[in-house]
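Inspection log for the structure reproduced underneath, given as structure tokens.
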Amino acid sequence: MAEITLNFLAGPTFLWWIALPLAIGVGVWAYFRLLAPLGVGLRALLRFLRVGALVLLLLLLLEPVLGVQRERGSTPRLAVLIDRSSSMALPGTEAPTRREEAAETLARIRRALGDRFELQLFSFAGALRAEEPRLESAGGAPVLYDGPAQGATAIGEALEELLLRQSEIGSAGILMLSDGTHTAGKDPTLVARNLSLPIFSVCLGESVPPADWMIRQVKSHPLAYAGEPTALRAVLESSGATSDETSTSAALRLRPVRFGSGGIERGAPVAEQAVRLSPSAGEREVSLELTPRGPGLQLYELALEGPGGDEIAINNRRWVALEVREKKTRLLYLEGEPDWDFTFLRRVFDADTTLSYAYLVRQTDGSYRAYGDDPPASLPRSAADLAPYAGVILGRLAPQMLPEATRTALEAFVGGGGGLLFLDAPRAGAGIEAWHRAGWGRWLPLLVAPSRRHGFELRATRPTMTGLTHEITLVADAPAEAEALWRQLPPIWTRAGRYERSPGATVLLQAIGSQPPVEIPLLTLPPPGSPRVAVLAGRGFWRWDFVMRSISEGTNLAPEFWRRMARWLSEPLARERFVVHPMRRVFQDGEPVVFHAQMRDADFDPVGEGRIRVRIEAQHDDASLSAGERSATELTLYPDGSRGGYSGTLHALPPGTYRYRAAGHVGHGADREAWRDEGRFWVEPMGAEYLRLASSPRTLETLAEASGGYAAQLQDLPELIRRVPRDYRRARLVHHFELWNHWSLFAFVLAILSIEWVVRRRQGLA
């Protein structure tokens with residue numbers, strides 16, 4: 001039986017209680033002095049209509065809400081959650097794939113529980129989706145859900161969404177068909193503890209991983225140069241191998257790929273490396289060398305081909321995107337006092353095959369000695385001497401150590417878009433402060449006023465929030481990994497004194513002092529649009545490489561940082577005021593897509609109150625990027641706390657190639673200013689779902705224990721069916737109607753007033 005309640009969102013105030021008797025009095029008094037010949041009954045009716053309309057209007061001010069509660073007494077519902085993540089394409093225990101295994105299991109559950117429950121089907125990967133309850137066959141197997149098995153497994157989000165729909169899905173429990181591999185989102189155990197329904201689960205797939213070789217990771221720099229070799233490193237890993245298995249031969253092949261009308265098209269190999277795989281080796285790293293032929297954003301596929309005993313093929317292929325530039329770039333390093341830092345940097349730069357380095361080192365007699373790749377015979381004294389170089393590094397050189405012609409040539413070089421890095425000298429009068437006094441203050445992003453009483457202090461290095469996402473200091477695949485690496489570095493020497501950055505300058509690295517505790521800028525870049533002049537205010541960088549090699553084998557943070565620093569110097573001066581780009585050019589299947597943007601005004605000052613929308617379109621092939629779209633998604637970017645920076649995150653996208661078009665604007669009407677930007681990125685089929693190939697029954701058992709349910713393997717399905725309770729909690733369905741905001745009540749008030757008007761009109765009173 002329905003239970004009806006009436007509640008008010010706004011309680012009556014003192015003025016309301018005064019208005020209520022006044023309204024009643026006005027309604028009664030209106031017909032006391034009326035001289036018309038009305039009968040007693042008709043006069044009472046008119047009074048009732050007038051008073052009723054006024055009282056109803058006063059009641060509407062209290063915002064009345066009508067509640068209707070009913071108990072569901074029909075067949076109870078049982079929610080069935082079916083995993084549709086990418087791992088469901090892996091082999092099952094009793095079927096070729098886990099998806100087919102889920103279909104067969106669902107058919108058995110329907111036959112056993114269909115007469116007791118109304119089964120409501122849901123599928124889940126990154127999010128929950130309701131499915132039509134059907135059993136049509138597709139190739140002999142029941143249809144579970146539309147589309148391929150795709151995306152990461154977010155069990156916690158699926159259960160949480162189901163919790164929100166609990167009053168609508170019944171009360172007997174939740175039955176989950178999954179392999180238990182949780183790869184994204186919230187901890188499902190914490191969500192299960194808040195559920196009022198028990199979870200019954202069937203684990204699909206083998207809990208023992210199959211024999212497999214995979215490409216776990218591909219390491220490469222996103223920037224390369226046409227005609228110049230660039231290095232890639234592939235991390236290979238084995239799983240499920242037994243100790244008596246022998247080694248096998250395979251090949252790593254790198255091919256250019258594109259998307260055509262018939263799907264992915266692979267070109268001829270452009271790099272190849274034979275490997276000998278041993279199951280007992282576990283994880284190993286293999287290097288390849290690629291020489292791009294032409295400029296542009298290019299996509300490659302790295303494939304591991306031919307390994308014997310490999311049962312899973314999808315994790316043998318990874319995608320790599322490279323931004324290929326026109327030619328090799330040269331850098332000039334001018335050093336005033338060679339020390340261990342110079343020795344270390346020269347070793348790092350000489351190992352970099354993407355750039356060419358020349359060195360001029362000052363001798364004690366004031367002359368310069370040349371090293372490196374086709375170095376100049378003497379100091380540059382004109383713009384023509386610096387024309388072959390894209391960047392210059394100045395180490396421990398005071399302005400007075402250079403001829404006036406060289407200083408003039410450097411000014412023209414920077415003004416023309418060349419990059420310049422100052423390495424702050426520790427000697428008084430030879431550091432950044434000397435260059436400020438020489439007239440370079442308008443270009444230098446940092447001013448150092450050294451203390452005369454204190455010399456140097458060892459300070460730890462930490463990246464700033466901006467540094468965690470910048471191309472120079474993001475030395476790992478993820479910001480968290482990069483920050484952990486920076487924290488392992490030993491301290492370096494910095495000068496005591498006052499550090500002051502110029503307005504709009506960006507600090508990527510900071511040095512943390514201990515006595516007193518203070519944060520000083522270590523690596524400072526100029527504002528966007530300004531000449532590319534950077535300052536690195538410290539010495540002793542050789543200690544980074546020396547100590548890192550001893551505490552973390554295989555981690556070469558220092559060389560990677562300096563190579564990125566050199567590439568930043570070699571890049572053309574960016575004059576774009578509006579730049580939108582994805583965090584990476586290649587995302588994994590099931591991985592959220594993150595976008596970053598920068599917006600600047602005409603003076604290249606940050607704009608923090610703009611509006612940025614990004615439209616992402618899935619494309620078939622590169623030749624028709626501007627033609628017919630297959631699907632589109634829109635993303636709004638919001639300020640991220642950095643100066644002029646914006647960011648946004650999009651849900652995971654299916655594997656394929658995508659084109660994005662960004663539109664930004666600031667202001668309104670005649671003051672409105674708009675920008676456009678566009679580009680491409682890719683989502684590869686490989687993802688976290690294929691890193692762990694075995695099912696995870698323990699995860700499902702934990703969910704069952706937390707919720708009071710039962711977890712079963714396929715062979716235990718009859719026992720699970722028996723344990724699903726026959727008794728169920730009746731669901732109470734509650735519906736609320738906002739009477740104060742509903743048209744019917746206003747129509748009723750209007751009807752009362754209309755009836756009163758009609759009666760008065762018929763009596764000649766209107």
Evaluate the side-chain proximity of P292 to Y300: yes if any heavy-atom separation is below 4.5 Å, no if none is.
yes
With respect to F541, which candidate in W493, W340, W562, F344 satisfies the ring-ring contact (aromatic ring centres under 6.0 Å, His included) definition?
W562
Polar side-chain atom of R462 near backbone of I512 as donor-acceptor pair, under 3.5 Å
no
Between Y333 and Y371, is the ring centre distance below 6.0 Å?
no
Just checking, any donor-acceptor pair under 3.5 angstrom between side chains of Y359 and D350?
yes
Closest heavy-atom pair, S220 versus L322, reported as atoms and distance to 0.1 Å, is OG-CD2, 4.2 Å
Indicate yes or no for a side-chain donor-acceptor contact from H436 to the backbone of L446 under 3.5 Å, with no hydrogens or angles considered.
yes
Distance check, rounded to the nearest 0.5 Å: L397 atom CG versus L394 atom CG?
6.0 Å
Starting at NE2 of H470, measure out to CG of L508 and round the result to the nearest 0.5 Å.
5.0 Å
Within a strict 4.5 Å, meaning less than it, do heavy atoms of the L458 and I492 side chains meet?
no
May I ask you to decide whether E433 forms a salt bridge with R495, counting only side-chain N to carboxylate O separations under 4.0 Å?
yes
So that I can tick it off, tell me whether R284 and E237 are bridged by a salt bridge, with the cut-off set at under 4.0 angstrom between side-chain N and carboxylate O.
no
Salt bridge E301-R255, side-chain N to carboxylate O under 4.0 Å
no
Could you state the interatomic distance from CE (M565) to CG (L525), rounded to the nearest 0.5 Å?
6.0 Å
Tell me whether R276 contacts the main-chain N or O of A250 through its side chain, where contact means a donor paired with an acceptor under 3.5 Å.
no
Let me see the working for E285 and K219 under salt bridge (charged side-chain N to carboxylate O under 4.0 Å, His left out), right down to the final yes or no.
CA-CA 10 Å; E285 192 171 286; K219 301 177 182 179; 3.3 Å; yes
Roughly how far, to the nearest 0.5 Å, is CG of N316 from CD1 of I215?
6.5 Å
Would you please test L232 and V320 for side chain to side chain contact (heavy atoms under 4.5 Å, CB included) and show each step?
CA-CA 9 Å; L232 294 90; V320 182; 3.9 Å; yes
Under 3.5 Å, side chain of D310 to main-chain N/O of W213, donor-acceptor pair present?
yes
Which is it for F561 and W486 under the ring pair (Phe, Tyr, Trp, His ring centres under 6.0 Å) test, yes or no, and what are the steps along the way?
CA-CA 10 Å; F561 163 72; W486 282 108; 5.5 Å; yes
When the aromatic ring centroids of W435 and F422 are compared, is their separation below 6.0 Å?
yes
Under a 3.5 Å distance rule, please check whether D424 uses its side chain to pair with a backbone N or O of G538 as donor and acceptor.
no
Treating R253 as the side-chain partner and P269 as the backbone partner, does any N or O pair qualify as donor plus acceptor under 3.5 Å?
no
Could you tell me whether the side chain of R330 and the main chain of D373 form a donor-acceptor pair under 3.5 Å?
yes
Between the side chains of S86 and Q150, is a donor N or O closer than 3.5 angstrom to an acceptor N or O?
no
Decide yes or no for L637 and V580: does some side-chain heavy atom of the first lie under 4.5 Å from some side-chain heavy atom of the second?
yes
Would you check if there is a donor-acceptor pair between the side chains of W682 and T657 at a distance under 3.5 Å?
yes
Please tell me if the side chains of F349 and L355 come closer than 4.5 Å, counting only heavy atoms from C-beta onward.
no
Hey, does the side chain of H182 reach the backbone of K186 with a donor-acceptor pair shorter than 3.5 angstrom?
yes
Working note: L302 + L252, criterion side chain to side chain contact (heavy atoms under 4.5 Å, CB included); need CA distance, chi angles, decisive distance, verdict.
CA-CA 7 Å; L302 182 63; L252 273 173; 4.1 Å; yes
Quick test of your reading of the model: are R563 and D352 salt-bridged, counting only N-O distances below 4.0 Å?
no
Within-4.5 Å side-chain heavy-atom neighbours: M599 and V579
no
Can we say R396 and D339 salt-bridge, meaning some charged N sits less than 4.0 Å from an Asp/Glu carboxylate O?
yes
Where is the tightest heavy-atom contact between A597 and I612, given as atom of each residue plus distance?
CB-CD1, 3.8 Å
Are the side chains of Y660 and F595 in contact, using a 4.5 Å heavy-atom criterion?
yes
Any luck finding a side-chain donor-acceptor pair between E689 and S85 under 3.5 Å?
yes
Distance from L523 atom CG to L421 atom CG, nearest 0.5 Å?
7.5 Å
One pair to check against side chain to side chain contact (heavy atoms under 4.5 Å, CB included): V586 and L299. What are the steps and the verdict?
CA-CA 9 Å; V586 176; L299 180 66; 4.0 Å; yes
Using a 3.5 Å distance criterion without hydrogens, assess whether the side chain of T524 forms a donor-acceptor pair with backbone atoms of P521.
no
Minimal non-hydrogen separation, R233 against S287, with atom names:
CG-OG, 3.5 Å
Can you name the nearest heavy-atom pair linking P526 to S530, along with the distance?
CB-CB, 4.1 Å
Considering all heavy atoms, the nearest R567-S570 contact:
O-OG, 2.8 Å
Any side-chain heavy-atom pair of V507 and R501 under 4.5 Å:
yes
Check whether any side-chain heavy atom of V191 lies under 4.5 Å from a side-chain heavy atom of E157, and answer yes or no.
no
With rounding to the nearest 0.5 angstrom, report the CZ to CZ distance, F681 to F587.
6.5 Å
State whether the side chain of T153 and the backbone N or O of T181 hold a donor-acceptor pair below 3.5 Å, judged by distance alone.
yes
Show the numbers, then the answer: is there a side chain to side chain contact (heavy atoms under 4.5 Å, CB included) between W440 and V414?
CA-CA 11 Å; W440 282 67; V414 171; 4.2 Å; yes
Side chains of R459 and T494: donor-acceptor distance under 3.5 Å anywhere?
yes
Closest non-hydrogen contact found for R600 with V607 is C-CG2, 3.7 Å
